[in-house]
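Down below is the structure, laid out as structure tokens.
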Amino acid sequence: MIAFLTGKLAGRSTTAAFIDVGGVGYAVSMSQASLAKLPEAGAEVHVLTYLQVREDALALYGFLSAEEKALFERLISVSGVGPKVALAALSSFSPRTLADAIAAQDVALVSRIPGVGKKTASRIILELKGSLDQGIEGLFGETAAAPPTDEGLKGATEALLSMGFTSAEADIALKGAPEGAGEGALLQYALKRLGSAGLPA
């Protein structure tokens, strides 16, 4: 995996930076906020990267801070959220503002991300709020696993029901959930199972 690039900025487009590393040019997709902070062409840059490997292509995404990269990785872990939406989120808000909005369960603010409606905003909050309860600091802190309690299962079940799933689908999706998982982890586990089963997500 390519963790970072250090080289000369050869140029940029409206969506990507072109970085010359030892004579090899890398096209790195970045948020509008990060692109605006890059220096003039010819200057040396250091960009953290995330490499997405697909069957038909390799795509490289770049970030100027560890917080931006960490939040991007959390966002694309949400069911139905891809790299383009994650970059749109980071183009619309700073990592701290977005993390705080998720922690505060501010659906209205998260819905302002281009391409994100209320349903997707609710899903982002439901899946990430547990790891972002402390805002941006939660991206790097070790989150202690919550003991398997009825409250965690109840909360995850209620969240699934509010998203339009039936009780039967919720029960099936939560079956075999890992021990020690809290409400947020249980919900993420269930949504992934529902998606792989071809049920509405």
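Note that the structure is a prediction, hence the values are computed from the model and not measured. All heavy atoms count here, side chains included; hydrogens, waters and symmetry mates do not.
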Exercise. Among all residues two or more places apart in sequence or in another chain, which pass the ring pair (Phe, Tyr, Trp, His ring centres under 6.0 Å) test with Phe93?
Worked result: none

For this session: With rounding to the nearest 0.5 Å, note down the distance linking OG in Ser111 to NZ in Lys119.
Result: 13.0 Å

Exercise. Are the side chain of Glu73 and the backbone of Ala70 linked by a donor-acceptor contact shorter than 3.5 Å?
Worked result: no

For this session: Check whether any side-chain N or O of Arg12 sits under 3.5 Å from a backbone N or O of Leu35 as a donor-acceptor pair, and report yes or no.
Result: yes

Exercise. Would Leu60 and Ser29 satisfy side-chain contact (heavy atoms from CB on, under 4.5 Å), going step by step from the backbone distance to the final call?
Worked result: CA-CA 6 Å; Leu60 200 59; Ser29 297; over 6 Å; no

Exercise. Which ring-ring contact (aromatic ring centres under 6.0 Å, His included) pairs, counting each pair once, include a residue from residues 66-89, with sequence neighbours left out?
Worked result: Tyr50-Phe72, Tyr61-Phe72, Phe63-Phe72

Exercise. Can you name the closest pair of heavy atoms from Leu126 and Ala159 and give their distance?
Worked result: CD2-CB, 4.0 Å

For this session: Measure from the side-chain N and O atoms of Ser31 to the backbone N and O of Ser91, and report whether any donor-acceptor pair falls under 3.5 Å.
Result: no

For this session: Please answer whether the main-chain N or O of Thr14 pairs with a side-chain N or O of Gln32 as donor and acceptor at a distance below 3.5 Å.
Result: yes

Exercise. Is a side-chain donor or acceptor of Ser34 paired with a backbone partner of Met30 at a separation under 3.5 angstrom?
Worked result: no

For this session: May I have all residue pairs that pass ring-ring contact (aromatic ring centres under 6.0 Å, His included) and include part of residues 98-130, sequence neighbours excluded?
Result: none

For this session: Verify whether one side chain among Glu44 and Thr6 offers a donor that lies under 3.5 Å from an acceptor in the other.
Result: no

